[in-house]
Each structure stands twice: as structure tokens, then as C-alpha cells.
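As the structure lists them, so they are numbered: ligands from 1, and atoms in each ligand from 1.
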Amino acid sequence: MAIAIKGGTIVTADLSYQADVLVDGGRIVEIGSDLSGDETIDASGAYVMPGGIDPHTHLEMPFMGTFSSDDFDTGTAAALAGGTTMVVDFCLPAPNQSLVEALQEWHQKAGKARADYSFHMAITWWGRQVFDEMPEVVRRGINTFKHFMAYKGALMVNDDEMFASFQRCAELGAMPLVHAENGDVVASLQQKLLAEGNRGPEAHGYSRPTQVEGEATNRAIMIADQAGVPLYVVHVSCEESHEAIRRARQAGMRVFGEPLIQHLTLDEGEYLNADWDYAARRVMSPPFRNRKHQDSLWAGLASGSLQVVATDHCAFTTEQKRFGLGDFTKIPNGTGGLEDRLAVLWTKGVNTGRLTKNEFVAVTSTNIAKILNVYPRKGAILPGADADIVVFDPAATKTIRAASQKSAIDYNVFEGFEAKGLPKIVLSGGKVAYRDGDVRAETGSGRFVERPANAPVNKALSTWKELVAPRPVERSGIPAGV
Ligand code: DUC
Ligand code: ZN
Ligand code: ZN
Ligand code: ZN
């Protein structure tokens with residue numbers, strides 16, 4: 001059944017112009033004037049944009065002794081209600097678990113998805129088996145591998161493991177991702193704070209200062225350059241990390257940075273709230289920062305040194321957060337945001353003039369589609385692209401309330417936020433998936449999106465130097481190797 005979206009202004013990462021869009025068979029089939037279909041969507045006064053892509057979610061993730069409370073069903077319902085038509089989640093193998101087996105488990109969980117999805121594969125342990133399985137993971141449509149430089153004793157990988165994995169990514173045309181925080185320093189700061197009697201959620205912020213993030217970001221960048229591979233830094237929260245990325249890009253390295261909507265808009269003062277639950281609900285890693293860092297992130301999005309706005313959606317209920325009563329290190333780390341990313345970014349970004357409408361589309365959809373190698377199937381309003389489309393009403397308003405959200409948790413870190421500019425109608429795969437408050441996409445209607453490998457680079461981009469094994473120097477009269 002063909003649907004004509006009529007009378008709107010198409011807004012892409014490059015252009016804004018008036019045209020109708022005709023979708024059929026799950027794809028965009030035509031863009032032009034006076035188009036008609038079996039059904040018409042009136043988009044007058046609205047912007048017609050590519051569906052949002054959130055490249056950083058944790059749905060039903062086993063973490064810190066529990067599972068995050070939004071699964072692929074409620075999580076993608078929240079996503080669609082917020083104008084996000086594709087999520088990229090993290091497959092986390094257990095220690096010594098086969099990557100392929102873990103991937104099968106994640107495919108099972110994602111069977112409930114209402115929106116399209118993909119996975120990043122996390123390198124949670126290192127060994128011959130992981131090395132051997134990485135090509136199979138790539139063949140199965142996953143071109144990104146995540147590395148946690150924090151969570152010592154759990155998810156953290158060491159530098160030698162990270163370097164080995166980065167080199168393997170380079171060979172395979174895959175890209176490493178990093179959660180960049182120095183896990184050793186965080187662990188010792190946590191112990192110090194606890195020993196000094198600092199046990200509340202505010203200590204979470206003190207245990208993860210911007211230095212630990214800046215150091216790890218720099219380290220990951222240098223290791224990636226030596227491995228001859230591009231790098232994607234998730235949840236860039238501060239100037240120190242942003243600065244490292246800027247510098248790397250200036251040196252010619254292909255390094256990407258992803259701030260979260262939370263870090264752009266919420267600050268460290270949240271942890272000083274006298275209500276333990278209020279503060280604990282906002283505990284995530286990296287923690288919220290001060291205004292100086294927020295300004296840096298906004299500037300990076302406008303100037304292009306940072307490319308993507310994500311959520312790291314990892315939702316825990318208040319009850320789960322209370323696992324950390326009396327010990328902040330046991331508060332499950334994570335906040336929600338999937339449903340609110342577009343509305344909050346538009347309100348704080350476009351309405352204030354910090355971002356143009358086209359930059360908004362770039363950072364919520366198009367840039368990540370290119371980085372993850374799914375453009376122009378995703379992230380584009382073009383004939384042939386998937387019909388994942390947001391009809392966005394810049395005049396619509398709402399007050400964000402947990403009471404009316406699709407997410408399964410009992411609070412919202414944006415509670416009370418006055419949003420202006422909202423998705424009104426969302427198409428996913430050519431069907432109306434959300435309209436005026438109702439999610440219509442059915443559980444299980446989402447599809448897995450394969451992301452093919454890129455061409456391997458295998459050179460240090462900063463020097464364009466071949467990464468070949470150096471030859472030993474021949475010396476006359478002295479035995480080799482001495
Ligand atoms: N940070 C979080 O806050 N939650 C999930 C994982 C992470 O790195
Ligand atoms: Zn992380
Ligand atoms: Zn995180
Ligand atoms: Zn994350």
C-alpha cells in the first residue's frame with residue numbers, strides 16, 4: 001500500500017525543500033510534487049526527516065548483577081515514540097563465551113523489536129577463540145567491536161588485548177568502539193572514596209573525573225593509529241576527551257565522537273540532590289559534567305569535531321538503583337533517553353540556534369548511518385532508501401513525564417522538561433509505526449540490519465606509514481639479535 005506524505009518540508013543533512021514523498025513496499029519510491037498514494041499523510045507545517053538512529057542502547061542487558069529494564073519490545077516502542085527508527089545495541093559475550101553463541105542470544109532477545117536494529121559486538125575477553133571468531137561476526141553483518149576501558153574486573157580489557165583486537169579490526173575492515181575511562185584509576189578512586197566514608201551517589205561523579213576520560217580517549221586514539229584503524233569514541237562527556245578527538249582529526253585520523261543527549265543537557269548538580277533516589281537514578285558512566293563541558297560538546301556538534309548524538313539508553317528501575325544504597329559502586333549505571341533524544345535535542349539545540357535543522361538531522365541520523373556503513377539505506381530521504389521517516393511538528397509541545405512514557409521504568413531523568421518540537425507521525429519500513437501518542441508497530445516487526453565491512457586501511461593515518469614488521473638491522477661481526 002502506497003503512502004503519500006504531502007505538503008511538508010523535507011529536511012536532510014544537506015538540504016531543506018518542499019516536496020511530497022511517496023513510499024511503497026517499505027521504501028521511498030518517489031520525491032516530487034503532487035504525488036498521491038492509497039493513503040495520504042498531511043505534513044503541512046511539518047518537517048519530513050530521516051528516522052532517528054540511536055547507535056548506543058543497552059536493552060535487556062546483563063549488568064552489575066541485574067538486567068536493564070527496557071527490553072527490545074519496550075525499548076523500541078520508546079524509540080519509535082521519540083522518532084528513532086533504528087537502534088544499535090551491544091552484544092556482550094560472557095567471559096569465555098563464544099562470540100557467535102552470544103550473538104545468537106542477542107538475536108533471540110531482539111526478536112521482540114518493533115523497530116529495526118543492529119548490534120555492536122563487545123570484546124569482553126580476549127583469546128585465540130575471539131580472534132578466530134571475529135571474521136564470522138563480520139560475515140554476520142556486524143562491522144563494529146566495542147571495548148570497555150573501564151569496569152575493572154568485569155568488562156574491562158587491557159591495552160595489550162585492545163591493541164590485538166584493534167589490529168584484527170583493521171584486517172577485517174571493522175571499526176573498534178571504546179568506552180574510554182581509565183578503569184584502574186576509577187577503581188582506586190572508588191576504594192578511596194568509600195574508605196573516606198563517601199558512600200552516596202554524589203561520590204559516583206567524584207570517582208570518574210574528566211581526567212580519566214581524557215586519558216583513556218587519548219590512549220585509545222594512539223593505539224588505534226598504531227593499529228591503522230579508525231576509532232569511534234562512545235559517550236564523549238567532557239572537553240578533555242573532545243580535545244583528544246579534535247586533535248586526532250586534525251592530524252588526519254578517522255576518529256569519531258558521540259556525545260549523549262544527557263551530557264549535553266544535564267549537569268553534575270543532579271548528584272547533589274538531597275533525595276537519594278533522585279541522584280541515584282542519574283548515575284551513569286561517564287557521569288554528568290559541568291556547563292563548561294556541555295558547551296564544549298555543543299560546539300563540537302556545530303563544528304563537526306563530534307558527529308553523533310546518542311543516548312546509551314540503559315534503563316534501571318528505582319528498585320534496581322537501590323542495590324547501591326550505602327555503596328555507590330553498586331548502583332547500576334545507566335539512564336534512559338531513547339524516547340526523548342530528538343525532542344530534547346531540538347528544543348535545546350535547534351530552538352536556541354545552537355544547531356541548524358540540517359545539523360540536527362546529521363547528528364541524529366545521517367552521520368551515524370555513514371559511519372556504520374548503512375547509508376543511504378538508512379539516514380536518507382532518497383528514492384530507494386528504507387521508508388523510515390519522521391514527520392516532525394516544530395510547533396508541538398509537551399512536558400516530559402515518566403507517567404506517560406513508553407519506557408518500562410518508573411521515572412525519567414528529563415521529568416518536567418518542556419519540549420517544543422515533537423515527532424507526530426513516524427514511519428518504519430513504510431508503515432505508520434507511531435502516530436500522535438500511539439505506537440502502532442507490532443512487537444517483532446523490527447528487522448535486523450546487516451552492516452557490511454569497510455575496506456581495510458592498515459596504515460597509521462597520522463603518518464600514512466605502512467604498518468609492516470620492521471627488519472632487524474644487519475651488523476657485521478655481531479650475531480643477529482644482540
Ligand atoms: N554506562 C552506563 O551508564 N551504563 C551502561 C554501560 C555504560 O558504560
Ligand atoms: Zn559505556
Ligand atoms: Zn554508558
Ligand atoms: Zn553504553
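- Residue H56 approaches the Zn ion (ligand 4) most closely through its N/O/S atom NE2.
- The ligand atoms of ligand 1 that sit less than 4.0 angstrom from a heavy atom of H235 are 8 (O).
- Applying the salt bridge (Lys or Arg N to Asp or Glu O under 4.0 Å) test to E171 and every residue at least two apart in sequence or in another chain returns R168.
- Less than 4.0 angstrom separates some heavy atom of D312 from each of these atoms of ligand 1: 1 (N), 2 (C), 7 (C).
- Closest of all the heavy-atom pairs between G75 and L59 is CA-CD2, 3.9 Å.
- With a 6.0 Å cutoff to the six-membered ring centre and a 45° limit on the axis angle, R208 counts as a cation-pi contact of Y151.
- Note on residues 212-226: pairs passing salt bridge (charged side-chain N to carboxylate O under 4.0 Å, His left out), not counting sequence neighbours, are D159-R219, E213-R289, E215-R219.
- The Zn ion (ligand 2) has an N, O or S atom of H235 under 2.8 Å away, backbone or side chain.
- Annotation: cation-pi geometry not satisfied between R254 and F256 (NZ/CZ under 6.0 angstrom from ring centroid, within 45° of ring axis).
- Cation-pi check for K370 over Y375 is met; the charged atom lies under 6.0 angstrom from the ring centroid and within 45 degrees of its normal.
- Taking backbone and side chain together, H179 holds no N, O or S atom under 2.8 Å from the Zn ion (ligand 4).
- Summary: OD1 is the N/O/S atom of D312 found nearest to the Zn ion (ligand 4).
- Distances between N or O atoms of H58 and those of ligand 1 include no value under 3.5 Å.
- Numbered from 1 in the order shown, with element, the atoms of ligand 1 that lie under 4.0 Å from a heavy atom of M284 read 3 (O).
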